[in-house]
Amino acid sequence: MSPYELKTGVRRSSYFLPTLRETPADATLVSHRLMLRGGLIRQASAGLYNWLPLGFRVLKKIERIVRQEQDRIGAHECLMPTIQSADLWRQSGRYEDYGKEMLRITDRHDRALLYGPTNEEAITSIFAETIKTYKELPQLLYHIQWKFRDEVRPRFGVMRAREFYMKDAYSFDCDKQGGIDSYNSMFISYLRTFQRLGVQAIPMRADTGPIGGESSHEFVIIAETGESTIYLDSSLLDMRWALAAQDDRKKYREMVSRATSLYAATSDEHTPLQFDKQVPRSRQIKTHGIEVGHVFFFGDKYSKPLDAKIKAASGEEVFVQMGSYGIGISRLVAAIIESSHDDRGIVWPKSVAPFKVGLICLDTGKYKVSEELYALLCNNGFETLYDDRFDVRAGVKFAEMDLLGLPIQLIVGGKSATSGSIEFKERKSDERHFVPLEQVIPFIRKQSTADSVTIFD
Ligand code: P5A
């Protein structure tokens, strides 16, 4: 499904993986430190980052899951340019409103352009030029593209960057109920997406900000180190019930209404009195979180000024009802690390890990065995980072593998040599097993099926 085929195996000795032993002094957030130390990113300029090969793999894995879940609900992928003409933004009235966060550019003909911070205007204009009748609705379009917002204080690495990677989708419906149904199906789809990404994201009532409209929900990942303080009903911690519905508008309505009736608020929206009234003390949670997604319903806010009209079933001309839906893909790389790490490094959820297996060869005497195992892993489709270096101490290799957080480590040589088998270590639990070479593939396979009990994997 993904247009990117990621290479199955790489050798550490020739890989581009500039890890750091020292903690970078200017990085305060743990994910930022781990991304720099683990060689995932390097800063290019304030709020701008280079994605190095390991970080790029994670970005693509997240993107792939997001894409699959968008496609599942019938959204169609397209691609709009990063640079937009100022004209449409003048028409919608947001050219001035957006203020200094918008990066304004002038071309050689003195035409006003901008680096897109979002695409409501651009997509509405495409719609206005092409769709004329209710018969072609509903419609859901999305793209995955870089955005630029000239944040006053870009910080925390890719968490709050100036250039960042976003999935943004836009819905078009004939009437308000249709628009709300599209909003609902995206809402449920987001719960599925985040569950597959291995994180818990709670939908919360939110401020609509510069996008506008009458309703919006933020999806916030619970992370102790998150920027915002959040208050919620603990019933929201288990929302598996909402994942079961498949493409049924009525079911979606029920589920979204159940999810949104439970208390969940960021500190700006929090009202202590209401919290106490609505949620029994035993279910009250106060913690921290990171916004990774945001959905909006704004009716005709853009279709009206941009004249996106359709002929309704009644024969009258109406402005199309719209919503927009964002997921911060590059921010998610950092947010996932914030919610999944320990004092030794990153602990990647299996679905987004840059490689599934880290293979370490400890002594030259075991070179042949580890080469054989590496070939076996690759041939069986297990993405493997193979530490084949002999000029690096065992302790350094172990520490680096823990830092990189691949779900499974296989160690050849050392302790395993005496037992004539391969050492298997699960990064998350630190659980170890000794497995004969010929049993390694069936053993990993068994482990992977055991934890892919999630309904959608
Ligand atoms: C929805 C899609 C919008 O822009 N228009 C199109 C709507 N929403 S939003 O909330 O402003 O942004 C969507 C998500 O993008 C991520 N994000 C960022 N990530 C990294 N650095 C930033 N500076 C940044 N700003 C926004 C967030 O995950 C947000 O939920």
Side-chain angles (χ1 to χ4, degrees), residues 29 31-32 35 41 43 46-49 51 59 62-63 66 70 75 78 80 82 84 89 92 94 97-103 115-124 140-172 182-183 186-187 189-190 193-194 197 199 201-213 215-221 223 226-228 266 268 289-298 301-302 322-339:
L29 207 63
S31 57
H32 190 193
M35 287 180 79
I41 52 162
Q43 186 171 24
L48 304 175
Y49 289 87
W51 290 82
L59 194 70
I62 297 174
E63 176 181 343
V66 169
Q70 291 295 290
C78 59
M80 292 173 266
T82 53
Q84 303 180 23
W89 287 72
S92 74
R94 278 209 295 184
D97 291 358
Y98 222 96
K100 287 196 166 171
E101 273 204 13
M102 181 186 278
L103 180 66
Y115 194 129
T118 176
N119 285 63
E120 279 80 7
E121 285 79 356
I123 200 99
T124 310
L140 206 46
L141 286 167
Y142 74 100
H143 77 159
I144 300 176
Q145 178 62 293
W146 293 95
K147 307 282 185 288
F148 192 96
R149 292 181 188 172
D150 204 354
E151 304 261 350
V152 200
R153 274 211 309 145
R155 59 206 158 121
F156 307 139
V158 299
M159 188 75 88
R160 184 169 295 284
R162 294 202 295 168
E163 190 185 42
F164 59 97
Y165 204 38
M166 191 205 285
K167 181 287 297 181
D168 39 326
Y170 303 86
S171 64
F172 303 91
S182 294
Y183 184 90
M186 196 59 85
F187 190 106
S189 148
Y190 273 30
T193 306
F194 295 122
L197 294 173
V199 287
I202 312 286
M204 306 198 158
R205 259 190 316 276
D207 180 15
T208 61
I211 307 293
S215 70
S216 88
H217 287 92
E218 273 179 19
F219 285 75
V220 179
I221 286 187
E227 252 190 295
S228 27
T266 55
D268 340 322
I290 303 158
E291 181 203 324
V292 286
H294 204 155
V295 293
F296 301 82
F297 177 69
F298 41 69
K301 176 173 177 197
Y302 299 92
M322 291 177 59
S324 75
Y325 315 89
I327 290 185
I329 294 183
S330 50
R331 173 178 286 184
L332 264 162
V333 181
I336 291 171
I337 297 175
E338 287 298 324
S339 79

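Every number for a ligand or one of its atoms is a count from 1 in the order of the listing. Note that the numbering runs from 1 along the sequence shown for the chain. Computed from heavy atoms alone, side chains included, the values below leave out hydrogens, waters and symmetry copies.
For the salt bridge (Lys or Arg N to Asp or Glu O under 4.0 Å) test, residues two or more places apart in sequence or in another chain that qualify with Glu151 are Arg160. Partners of Phe156 according to the ring-ring contact (aromatic ring centres under 6.0 Å, His included) rule, which considers only residues two or more places apart in sequence or in another chain, do not exist here. Under the rule for a salt bridge (Lys or Arg N to Asp or Glu O under 4.0 Å), the partners of Arg94 that lie at least two apart in sequence or sit in another chain are Glu120, Glu121.
Using cut-offs of 30° and 60° on the angle between ring planes, the pair Trp89 and Tyr98 is perpendicular.
Every protein residue with a heavy atom nearer than 4.0 Å to ligand 1 is included here: Thr118, Glu120, Arg149, Glu151, Val158, Met159, Arg160, Ala161, Phe164, Met166, Asp168, Tyr170, Ile211, Glu291, Val292, Gly293, His294, Phe296, Ser324, Tyr325, Gly326, Gly328, Arg331.
For the atom pair Ile62 CD1 and Ile336 CD1, the distance stands at 4.0 Å (nearest 0.5 Å).
In summary, of the residues considered (Tyr190, Phe296, Phe187, Tyr170), a side chain to side chain contact (heavy atoms under 4.5 Å, CB included) with Tyr325 occurs for Tyr190 alone.
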